[in-house]
**Student:** 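The structure is given below, and queries will be raised subsequently.
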Amino acid sequence: MDAADTVRVRFAPSPTGLLHVGGLRTALFNWLFARHCGGRFILRIEDTDRKRYDPRALPDLLESLRWLGLDWDEGPEVGGDYGPYFQSQRIHLYQEYARQLVESGAAYYCFCAPERQGADDARPESRRGAATGYDRRCRWIDPHLAAERVAIGEAAVIRLKMPLEGHTTFHDLIRGDITVENSTQDDVVLLKSDGYPTYHLANVVDDHLMRISHILRADEWIATAPRHVQLYKAFGWQMPAIAHLPVVLDPSGKGKMSKRKKIAPDGRALPVHVRDFREAGYLPEAMFNYLALIGWRYDAHTELMTRQEIIERFTIERINPTAAAFDYQKLDYFNGVYIRQLSVDDLTDRLLPFVQRKGWQVEHETLRRIVPLIQERIERLDQVTEWVDFFFVEQLPDYDAQLLIPKQADAAATRHRLQRAREVLAQVEPFTHDAIEHALRTLAGQLGVKTGQLFQPVRVAVCARTVAPPLFGSLEVLGRERVLQRIDQALAKLSGASQQAAQ
RNA sequence: GCCCCCAUCGUCUAGAGGACCAGGACAUCACCCUUUCAAGGUGGAGACAGGGGUUCGAAUCCCCUUGGGGGCACCA
């Protein structure tokens with residue numbers, strides 16, 4: 001028997017909202033484990049909560065997984081031998097298995113009204129603060145009587161009979177043995193009164209029927225694992241191996257990554273949903289690499305790895321149990337590294353939508369000439385617009401004339417330098433990076449000023465900013481005509497400024 | 001409140017009793033390079049939560065405390 005037959009893992013999200021990074025990380029680890037082992041990665045949709053169902057969720061999920069390059073071997077749109085892969089299409093199965101448990105005495109019908117259960121303050125004083133929310137009243141009803149009540153149509157749920165004494169132990173691949181006193185456990189609902197299963201039932205039934213070999217799920221499921229163990233026991237099924245992944249924490253380390261957007265110090269909204277990361281200009285390959293490192297590590301030194309390297313090196317043994325804060329700064333760094341590794345053509349393609357989104361009419365060929373100037377200056381694709389705006393606007397935004405004047409110079413000196421620069425730039429042939437550089441450096445020598453003292457006024461004149469892409473390349477792309485025109489405008493601005501100063 | 005999980009620099013982590021006066025990465029600071037900003041280079045600062053054990057020897061094993069996280073739904 002080869003691994004393809006033995007290792008079967010699944011990502012089983014609930015379509016209640018947009019996929020967020022925490023979910024993506026869980027999917028990634030499952031996918032990595034499957035690919036490492038040559039096993040199967042299964043996508044199952046746990047749509048058993050009719051109240052929270054969100055129609056946007058499924059398309060967003062599929063798109064997000066594909067964006068990161070996580071392909072599934074069985075599931076929506078690809079099918080498979082163990083379908084259907086939507087739990088809403090398997091309701092009859094869960095009902096059947098739930099009834100089976102009632103018949104075997106492992107579960108029972110409960111007729112209690114929902115209001116009588118649940119919330120702590122709704123419980124009798126004697127049970128307040130107790131671990132279990134439900135007092136098991138219906139557990140003691142005679143099974144035949146209960147069956148009759150169900151037969152005449154009385155609303156009921158089906159609950160699992162947890163052992164009242166002893167303890168339940170299971171082996172977590174990452175944490176080792178975990179033991180829980182059964183007395184602290186609830187008689188969990190398996191089948192709701194609307195006939196839909198709860199997570200606990202559907203999950204166990206499907207994992208078994210779909211022959212899942214390993215469960216890699218988020219940390220927050222640890223508390224419910226004992227009831228799953230008892231469920232497998234009640235069915236007489238072998239439980240898959242199980243590992244609980246460390247949760248992804250908020251950047252502050254306080255609490256898990258919430259689904260609400262966060263605000264960065266610079267005011268922009270920090271992405272939380274996968275689609276937000278894409279729209280902010282994170283590269284899937286950078287995201288893939290960074291996400292793999294949340295809770296997993298290959299060795300002491302290696303962090304930047306290709307997708308293939310990560311697949312080859314990924315093992316459950318090297319997943320650590322500690323919750324980890326999501327570090328946007330480090331993600332940005334990774335993204336910058338991956339952006340710099342891209343070919344100019346590739347980066348241009350990826351940048352184009354961000355530039356066009358801004359409303360500028362830009363051709364691939366034009367942007368392609370600019371990309372080398374900014375490639376090592378951006379960490380996110382969306383930052384491109386801050387760098388290239390002056391290439392595409394007809395009229396430069398108004399800027400403070402003072403920016404033109406370098407420290408250790410005044411308006412008059414600056415005017416002079418700009419005039420000379422204009423003359424030189426009007427003549428230089430060809431109007432290319434090297435020729436421009438040579439001409440301007442020569443001019444600086446003739447003027448007896450440091451290069452920066454000459455370059456700054458020119459830079460501000462053409463870019464309207466002091467921080468901009470490299471000057472000579474920018475001038476070449478802008479072309480002589482626009483450069484001269486903008487220097488003229490700067491000169492006019494300077495005369496205006498000096499006249500004002502004189503008055 | 002109860003149950004469970006976790007605990008090394010600000011953050012992510014390496015470390016599976018001696019190779020650790022604890023290594024790497026991000027962030028940070030300084031310097032170099034330099035037409036601005038970056039990128040790159042060099043260097044600096046920065047942690048084993050506390051207390052008990054076990055041991056010749058503990059970041060590594062055990063216990064307690066503290067701290068953090070997660071869970072306690074007819075949600076997943």
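The analysis underlying the following values was restricted to heavy atoms, covering all of them including side chains, and did not include hydrogens, waters or symmetry mates.
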**Student:** Any side-chain N or O of Arg377(A) less than 4.0 Å from the OP1 or OP2 oxygen of A39(B)?
**Tutor:**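 Checking A39(B) against Arg377(A), no side-chain N or O comes under 4.0 Å of OP1 or OP2.
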
**Student:** Report yes or no: is the cationic atom of Arg25(A) (NZ for Lys, CZ for Arg) under 6.0 Å from the centre of the six-membered ring of Phe29(A), at an angle within 45° of the ring normal?
**Tutor:**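 Because its charged atom sits under 6.0 Å from the ring centre and within 45° of the axis, Arg25(A) does stack over Phe29(A).
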
**Student:** Nearest to the side chain of Ala325(A), which nucleotide is it out of U35(B), C12(B), A76(B)?
**Tutor:** C12(B)

**Student:** Respond yes when some side-chain nitrogen or oxygen of Lys51(A) is under 4.0 Å from OP1 or OP2 of C75(B), and no when none is.
**Tutor:**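 Yes, within the criterion.
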
**Student:** Between C5(B) and C62(B), how far apart are the two P atoms, rounded to whole Å?
**Tutor:**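 The answer is 13 Å between these two P atoms.
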
**Student:** Using a cut-off of less than 4.0 Å, is there contact between a side-chain N or O of Thr48(A) and OP1 or OP2 of A76(B)?
**Tutor:**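 Yes, such a contact exists.
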
**Student:** Taking the six-membered ring of Tyr109(A) as reference, does the cationic atom of Arg149(A) (NZ for Lys, CZ for Arg) lie under 6.0 Å from its centre and within 45° of its axis?
**Tutor:**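 The answer is no; the distance or angle limit is not met.
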
**Student:** Would you mind classifying the nucleic acid contact of Tyr196(A) as base, sugar-phosphate or nothing, using non-hydrogen atoms under 4.0 angstrom?
**Tutor:**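 Contact class for Tyr196(A): none.
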
**Student:** When you check the phosphate oxygens OP1 and OP2 of G70(B), does a side-chain N or O of Arg217(A) lie under 4.0 Å from one of them?
**Tutor:**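 No.
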
**Student:** If you only use heavy atoms from C-beta on, which nucleotide in A25(B), C37(B), U35(B) is closest to the side chain of Trp387(A)?
**Tutor:**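 Side chain of Trp387(A) sits closest to C37(B).
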
**Student:** Which residue lies toward the 5' end of RNA chain B, Pro251(A) or Leu471(A), if each is placed at its nearest nucleotide?
**Tutor:**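 The residue mapped nearer the 5' terminus is Pro251(A).
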
**Student:** Is it the case that the side chains of Gln230(A) and Thr168(A) hold a donor-acceptor pair, with the cut-off being a distance below 3.5 Å and no angle test?
**Tutor:** yes

**Student:** Could you say whether Pro246(A) or Val467(A) is positioned toward the 5' end of RNA chain B, judged by the nucleotide with the nearest heavy atom to each?
**Tutor:**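 Mapping each residue to its closest nucleotide by heavy atoms, the 5'-most match is Pro246(A).
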
**Student:** Name the pairing partner of U54(B), where a pair is Watson-Crick or G-U wobble with both distances under 3.5 Å, or state none.
**Tutor:** none

**Student:** Taking the side chain of Arg52(A) as its heavy atoms from C-beta onward, which of A76(B), G24(B), U36(B) lies nearest to it?
**Tutor:** A76(B)

**Student:** Can you tell me which nucleotide in G24(B), A7(B), C74(B) comes closest to the side chain of Pro321(A)?
**Tutor:**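 Out of G24(B), A7(B), C74(B), the nucleotide with an atom closest to Pro321(A)'s side chain is A7(B).
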
**Student:** Below the 4.0 Å mark, does A76(B) have OP1 or OP2 next to a side-chain nitrogen or oxygen of Lys192(A)?
**Tutor:** yes

**Student:** In whole angstroms, how far is the P atom of A76(B) from the CZ atom of Arg50(A)?
**Tutor:** 11 Å

**Student:** Go ahead and name the base partner of A59(B); Watson-Crick or wobble counts if both distances stay under 3.5 Å, otherwise write none.
**Tutor:** none

**Student:** Rounded to whole Å, how long is the line connecting atom CD of Gln375(A) with atom C1' of G40(B)?
**Tutor:**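 That distance rounds to 15 Å.
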
**Student:** From the set A76(B), U35(B), A7(B), return the single nucleotide nearest to any side-chain atom of Phe455(A).
**Tutor:** U35(B)

**Student:** Starting at atom CG of Leu201(A), determine the distance to atom P of A73(B), rounded to an integer number of angstrom.
**Tutor:** 18 Å

**Student:** Would Thr169(A) and Asp177(A) count as a side-chain hydrogen bond (donor to acceptor under 3.5 Å, both in side chains) if you check the C-alpha gap in whole Å, the side-chain angles of each, and the deciding distance to 0.1 Å?
**Tutor:** CA-CA 7 Å; Thr169(A) 299; Asp177(A) 286 346; over 6 Å; no

**Student:** Considering only side-chain heavy atoms of Thr184(A), which listed nucleotide, U35(B), C74(B), C3(B), is closest?
**Tutor:** C3(B)

**Student:** Check the phosphate of A76(B) against Tyr199(A), side-chain N and O only, distance under 4.0 Å to OP1 or OP2. Yes or no?
**Tutor:** no

**Student:** Scan every strand shown for a Watson-Crick or G-U wobble partner of A22(B), both distances under 3.5 Å, and answer none if you come up empty.
**Tutor:** none

**Student:** Cation-pi check for Phe390(A) against Arg465(A): NZ or CZ below 6.0 Å from the six-membered ring centre and within 45 degrees of the axis, yes or no?
**Tutor:** no

**Student:** Quick one: Phe326(A) CZ to C26(B) P, roughly how many Å, whole number?
**Tutor:**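 From Phe326(A) CZ to C26(B) P: 17 Å.
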
**Student:** For A59(B) versus C48(B), give the span between their P atoms, rounded off to a whole number of Å.
**Tutor:**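 Nearest-Å result for A59(B) against C48(B) at atom P: 11 Å.
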
**Student:** Between U35(B), G23(B), C74(B), which nucleotide gets closest to the side-chain atoms of Ala300(A)?
**Tutor:** G23(B)

**Student:** Ignoring hydrogens and angles, are the base of C74(B) and the side chain of Thr198(A) linked by a donor-acceptor pair under 3.5 Å?
**Tutor:**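 Looking at the base of C74(B), it does not pair with any donor or acceptor on the side chain of Thr198(A) (distance under 3.5 Å).
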
**Student:** What I want to check is whether the side chains of Ser252(A) and Asp250(A) have a donor and an acceptor closer together than 3.5 Å.
**Tutor:** yes

**Student:** Out of C75(B), G71(B), G24(B), which nucleotide sits closest to the side chain of His301(A)?
**Tutor:** G24(B)

**Student:** For Tyr94(A) and Asp206(A), test the side chains for any donor-to-acceptor distance below 3.5 angstrom and give the result as yes or no.
**Tutor:**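 Their side chains do contain a donor-acceptor pair, which is all the 3.5 Å distance test asks for.
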
**Student:** Taking the six-membered ring for Trp, are Trp296(A) and Phe314(A) parallel (under 30°), tilted (30 to 60°) or perpendicular (over 60°)?
**Tutor:** tilted

**Student:** How long is the line joining CG of Leu331(A) and P of C26(B), in whole Å?
**Tutor:**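 Atom-to-atom, Leu331(A) to C26(B), this comes out as 14 Å.
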
**Student:** Taking atom C1' in both G50(B) and U11(B), compute the distance separating them and give it to the nearest angstrom.
**Tutor:** 23 Å

**Student:** Would you indicate which nucleotide in C6(B), G69(B), G24(B) comes nearest to any side-chain atom of Arg175(A)?
**Tutor:** C6(B)

**Student:** With a 3.5 Å limit on both atom pairs, tell me what G1(B) is paired to, counting Watson-Crick and G-U wobble, or say none.
**Tutor:**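 Its partner is C72(B) (Watson-Crick or G-U wobble, both distances under 3.5 Å).
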
**Student:** For the rings on His228(A) and Tyr199(A), is their centre-to-centre separation under 6.0 Å?
**Tutor:** yes

**Student:** Checking only heavy atoms, does the side chain of Glu303(A) share a donor-acceptor pair with the base of G24(B) at less than 3.5 Å?
**Tutor:** yes

**Student:** Hey, is the side chain of Asn203(A) poking within less than 4.0 Å of OP1 or OP2 on A76(B), counting only N and O atoms?
**Tutor:** no

**Student:** Would you kindly give the CD-to-C1' distance between Gln383(A) and A39(B), to the nearest whole Å?
**Tutor:** 14 Å

**Student:** Please tell me which of the listed nucleotides, U13(B), C3(B), G71(B), lies nearest to the side chain of Arg297(A)?
**Tutor:**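 For Arg297(A), the side-chain atoms sit closest to U13(B).
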
**Student:** How many whole angstroms separate atom CZ of Phe334(A) from atom C1' of G24(B)?
**Tutor:** 12 Å

**Student:** Should Arg340(A) be listed as having a side-chain N or O under 4.0 Å from OP1 or OP2 of G40(B)?
**Tutor:** yes

**Student:** Mind checking if Lys254(A) touches a base, just sugar-phosphate, or nothing, with heavy atoms under 4.0 Å?
**Tutor:**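 Counting heavy atoms under 4.0 Å across all strands, the contact made by Lys254(A) is with sugar-phosphate only.
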
**Student:** Once each nucleotide of nucleotides 58-67 of chain B is scored for protein heavy atoms under 4.0 Å, what B/S/- sequence comes out, 5' to 3'?
**Tutor:** ----------

